[in-house]
Structure formats: C-alpha cells, structure tokens
Amino acid sequence: MADLLGSILSSMEKPPSLGDQETRRKAREQAARLKKLQEQEKQQKVEFRKRMEKEVSDFIQDSGQIKKKFQPMNKIERSILHDVVEVAGLTSFSFGEDDDCRYVMIFKKEFAPSDEELDSYRRGEEWDPQKAEEKRKLKELAQRQEEEAAQQGPVVVSPASDYKDKYSRLIGKGAAKDAAHMLQANKTYGCVPVANKRDTRSIEEAMNEIRAKKRLRQSGEELPPTS
C-alpha cells in the first residue's frame, strides 16, 4: 500500500513555484489584451465597411455624379472598399505610387474610364475630356496626312526654269544652239571651241616654221651689243 501511494504521489505534478505563477499570469494578461485588440480591429472594419456602403449607396443615387475620389487609405481599407464597390456593381481603381498616398476612385459602369483617362490618373494628372478630344483629333489628322503622303509616293522635284530658256534670252536661241554643238569637252581647260584646238598645217609646214624661229633666236644671240 505504501509503495502504491508513493508511486501515485511521484506521478503527480509539483505545484508551480512563485516564478511560474507570475509568468503564467503575464501570459494570460497578454493574451487578453491581444484578444481585445483583435475585437477592436474587427469592430473598426465593420464600422468602416458600413460607412463605405453608405457613401457608395449615396453615390449611386446621385445622378449628377459619374465618378468619386476617396481620401488616401491603407491597404486593408482599400481592400474593403473595392469589395463594397464590386458588390454594388461599380468599377474601382487604386492610384498613387506610395502606399500611404494611394487612393481609390469609383466609377459607374456606364461611365467606365478609358485607357487614356486611367493613364492620366496614374501620372498624377487631372483628366480633361476637352483637351483629350483635341489631342485625339490632332492625332487622327496627322495619321491621315501620313497615309495620304504614302499613297502619293515620293515627291519629284522639278527645276523652276529651263536652262535653255535662261541663256537664250542672253545670246539668242540660234547662237546658244550653235555653241552647244561647237563645244567639246577638254579635260584640262574645260569646254573650248573645236576650231581653236584644230591645227590645219601640214607636218612639213610646221617643221619649217619651227626651224625659222630657231634661226632667228640664234642670229639674235650672235649680234654684238650696241653702244
């Protein structure tokens, strides 16, 4: 019997010490605070969702509004708002680079934004439909001009005047025509009349003239100088 009682007592857990009790107490208090914070956060989400549902409902009923821009909000709030908008059958987008500055815009389905409008919001610019329409028309005009130029083909440039008419007023049509036929190309001096280049003398006559010129030069050198 004593052995049985001893085995039972040894198997039982020892009572917690004073330090263990304090640790467990702090753990219970921390768990209670965490649970309270979670309940508060949950309640805040519920209240935020109700507020967004009210604003979205007012937006839908207002026929004068086609879009609505909300103030910057955190990621969880944006997620709740996107969900509310989807349930309501609207369209929503988030804009802004920094997470703290990102905001949500909602649109009615029949007034869904174009790609150009979304790009404008992404660049941080205000959307101006009138300027966008002017820009679109200018772009279409430039495209039509390019297509028309491509269909016409390359542009042929013609001289403003004919060189024949230009010089005929100076020397006459007949003289200009005759001069054109009389000129031949000369690689050294350009164009000169053919008559100026042609030597009509015979070889014998040319040699006699050269000898005569040579004799004249020699006789001039032999004459004594005059006093």
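Small disclaimer: the values here were computed from a predicted structure and weren't measured.
In this structure, CD on Glu41 lies 4.5 Å from NZ on Lys45, to the nearest 0.5 angstrom. Atoms CD and CG, on Glu140 and Leu138 in that order, are 9.5 Å from each other to the nearest 0.5 Å. Note that CE of Met105 is 11.0 Å distant from OG of Ser92, once rounded to the nearest 0.5 Å. If you take CD1 on Ile106 and OG1 on Thr91, they are separated by 10.0 Å, rounding to the nearest 0.5 Å. For the atom pair CD of Glu134 and NZ of Lys137, the computed distance is 8.0 Å after rounding to the nearest 0.5 Å.
Taking 4.5 Å as the limit, every side-chain heavy atom of Lys69 sits out of range of all side-chain heavy atoms of Phe95. A heavy-atom distance below 4.5 Å is found between the side chains of His82 and Ser94. Between Gln44 and Phe48 there is no side-chain heavy-atom pair separated by less than 4.5 Å. Glu55 has its side chain within reach of Lys68: a pair of non-hydrogen atoms, C-beta onward, lies under 4.5 Å apart. By the 4.5 Å heavy-atom criterion applied to side chains, Gln38 and Lys42 are not counted as neighbours. Side-chain contact between Phe70 and Leu81 is present, with at least one heavy-atom pair separated by less than 4.5 Å. For the pair Phe93 and Leu118, the minimum side-chain heavy-atom distance is below 4.5 Å. With contacts defined as side-chain heavy-atom distances shorter than 4.5 Å, the pair Gln145/Leu141 qualifies.
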Going through the distances and angles, do Glu148 and Arg144 end up as a salt bridge (charged side-chain N to carboxylate O under 4.0 Å, His left out)?
CA-CA 6 Å; Glu148 292 175 357; Arg144 286 198 302 269; 5.6 Å; no
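The hydrophobic clustering, which links ILVMFWY residues whose side-chain heavy atoms are closer than 4.5 Å, places Ile80 and Met73 together. Tracing side-chain contacts under 4.5 Å through hydrophobic residues (I, L, V, M, F, W, Y), one never reaches Tyr103 starting from Val56; they form parts of separate clusters. In this structure, Ile76 is a member of the same hydrophobic cluster as Val104, with clusters built from ILVMFWY side-chain heavy atoms closer than 4.5 Å.
Under a cut-off of 6.0 angstrom, the local environment of CD in Glu126 is sparse, with at most 12 non-hydrogen atoms contributed by other residues, nucleotides or ligands. Summarising the local packing, CD of Glu97 is surrounded by 12 or fewer heavy atoms from other residues, nucleotides or ligands at distances under 6.0 Å.
Judged by the 6.0 Å distance and 45° axis criteria, Lys67 is not positioned over the aromatic ring of Phe111. A cation-pi arrangement is present between Lys108 and Phe59 under the rule of less than 6.0 angstrom and at most 45 degrees off the ring axis.
Within the structure, every pair that satisfies the side chain to side chain donor-acceptor pair (under 3.5 Å) test and touches residues 70-79, not counting sequence neighbours, is listed here: Arg78-Asp99.
In this structure, the side-chain contact (heavy atoms from CB on, under 4.5 Å) partners of Asp62, at least two apart in sequence or on a different chain, are Gln65.
Lys213 has a carboxylate O that lies under 4.0 Å from a charged side-chain N of Glu209, or vice versa, which qualifies the two as a salt bridge. A salt bridge links Glu29 with Arg25; the closest basic N to acidic carboxylate O contact falls under 4.0 Å. Between Lys54 and Asp58, at least one side-chain nitrogen of the basic residue sits less than 4.0 Å from a carboxylate oxygen of the acidic one, meeting the salt-bridge criterion.
If you check the side chains of Tyr121 and Glu117, you find a donor sitting under 3.5 Å from an acceptor.
Between Leu90 and Lys109 the shortest heavy-atom distance is O-CE, 3.9 Å.
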